[in-house]
Amino acid sequence: MSSNPSLPASNFIRSLIEADLASGKHKSIVTRFPPEPNGYLHVGHAKSICLNFGLAQDFNGKCNLRFDDTNPEKESEEYARSIQDDVQWLGFKWDGEVRWASDYFEQLYQYAVELIKLGKAYVEDLSAEEMREYRGTLTQPGKNSPFRERTVAENLDLFARMRAGEFADGAKVLRAKIDMASGNINLRDPAIYRIRRAHHIRTGDQWCIYPMYDYTHCISDALEGITHSLCTLEFEDHRPLYDWVLDQLPVPCHPQQTEFSRLELHYTITSKRKLLQLVNEKHVSGWDDPRMPTISGMRRRGYTPEGIREFARRIGISKSANTVDMAVMEGAIREDLEGRAARVMAVVHPIRVTITNFDEANAQSREAGFHPNHPEFGSRMVPFAKELWIEADDFAEQPPEGWQRLTVGGEVRLRYSYVMCCDEVIKDASGKVIELRCSIDPETLGKNPAGRKVKGVIHWLSVEHAIAAEIRLYDRLFSVAEPDADKDVDFCQYLNPHSLSVVQGWVEPAVRAAAPETRYQFERLGYFCADRREHQAGGKLVFNRTVTLKDSWTKE
Ligand code: ATP
Ligand code: MG
């Protein structure tokens, strides 16, 4: 077994698999990732993807991608495509073709007929509301439906007619016949087929009955020879039903369902339904808005697949609550980008500097490498000129104690360039600083100044060479840690109104030709990623801030 950095460190699922391989229960493992194509994948799904595909990689097994497409009204081709893109982008490859639960509709139907013949399923005429009343509660057993004792022949006839479209939507359902008094409500004769005249993305109008998730999922697993069916904890109470269905039917194998805890991230939400609401109500620009915790949003923001996989490894797999601070994700991304992103200079809140002693002869440009530890990243010229942009907050007229940046009469080192002294401040009529008049020490290019120490180093750009760019700075999407904690309050109330600020900044000419999705470190500012929508050849340059250089989350 190779050690795989994308796999969470040792955990109970891994131990279970090791034991199953050691005992000979399985010769190799087959897992699956089973999303419903009813939205874009989010960071919680990334955890599940890394687990399922990571285990398959690590144990030399296989992992299937299977769409759980049993809810035609909510599903779309666009979602299915985006899910495939996301899984591949994260760096994983499913075994063989993509699978669809709808590929098994005929088999699922035949198995339901089988259940009826065994006296283990019946056609129900009660309305949904009546069924709810008959179901009982957590403390009270349910009652048997008056239709529960229909004969096999009658059930076979009615079920065939359900399929044939003889009944209205919702008029009947097929129910498993288990135990209306069970302590587990999932076993109180759950519905396994319903009538729904809805166009399906793959089967079109071929079916007007659709199998329910619990019934479909276990049989699909069995048909695919899944050995370990991993899901989140809310399905723990469904496991007896999973096992019951497989125990009744002549399926090829009986996979083992094992549950682990869902990932929840502070200051965001991990529910497709709620993310869809953000998109529909236009609180964000789309599923791939860089503030979204979707895989496509994280990608557009500049997160790397390696960083996300490392995050998944760090949070681990267990059955205990898995609520994680965004700082854990950002830490993993930052560490990955540290050695991966070329370093350049950009100015996001510019103030103009005029070099009063600029003189072509002694004001030279210098070559600078793109990464201090990666000479293979190459280098570029950083052009020096008479007019510069520096960051407005790198200058203070009345500096606080310990200030190491620019002030009147003080000196700083311009990164890759000269030591510069601020001699004079120019203000507009309102008293706002609009320009700094500075002078350089021509003897300081690549050398320390004689007889004095200059501690501060600031980034800058030449005005005539700089390229305009729109820079999008992101903050947390919600202003409270658990926006959906209170069921009676719409989580949208807690949206952070300052989650996006757009500034017009400047970047080095070296990034002009950056391909969409190129990631940079803008020195002293953070990691930024060329937008993949607007940053097209000839389009406007847009950079999304991926993450700041230091953790700005945990210090509050
Ligand atoms: P959502 O509640 O966001 O719609 P879901 O569970 O309904 O999610 P599915 O498409 O059914 O979405 O999920 C596919 C797989 O991803 C399932 O096995 C599910 O358990 C897993 N998964 C979904 N959300 C999380 C999460 N927050 N953490 C870990 N795994 C998750
Ligand atoms: Mg689901």
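Just so it is clear, the values below take in all heavy atoms, side chains as well, and ignore hydrogens, waters and symmetry mates. All ligand and atom numbering here is 1-based and tracks the order in the structure.
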Asp336/Arg340 salt bridge by N-O under 4.0 Å criterion: yes
Aromatic ring proximity, centroids under 6.0 angstrom, Tyr210 and Tyr109: no
Location of contacts on Arg273 toward ligand 1, heavy atoms closer than 4.0 Å: neither
Within-shell test, His42 vs ligand 1, heavy atom, strictly < 4.0 Å: yes
Where ligand 1 meets Thr232 - atom numbers and elements under 4.0 angstrom, heavy-atom basis: 19 (C), 20 (O), 29 (C), 30 (N), 31 (C)
Neighbour count >12 (heavy atoms, 6.0 Å) for atom NZ, Lys274: yes
Min N/O separation Glu36 to ligand 1 under 3.5 Å: yes
Exceeds 12 heavy-atom contacts within 6.0 angstrom, atom NZ of Lys177: yes
Polar atom proximity, Arg32 to ligand 1 (N or O, under 3.5 Å): no
Heavy atoms from other residues, nucleotides or ligands near NZ of Lys319 exceed 12 (cutoff 6.0 Å): yes
Ligand-side contact atoms (ligand 1) for residue partner Ser48, heavy atom cut-off under 4.0 Å: 16 (O), 21 (C), 30 (N)
Those atoms of ligand 1 less than 4.0 Å from some heavy atom in Ser271: 3 (O)
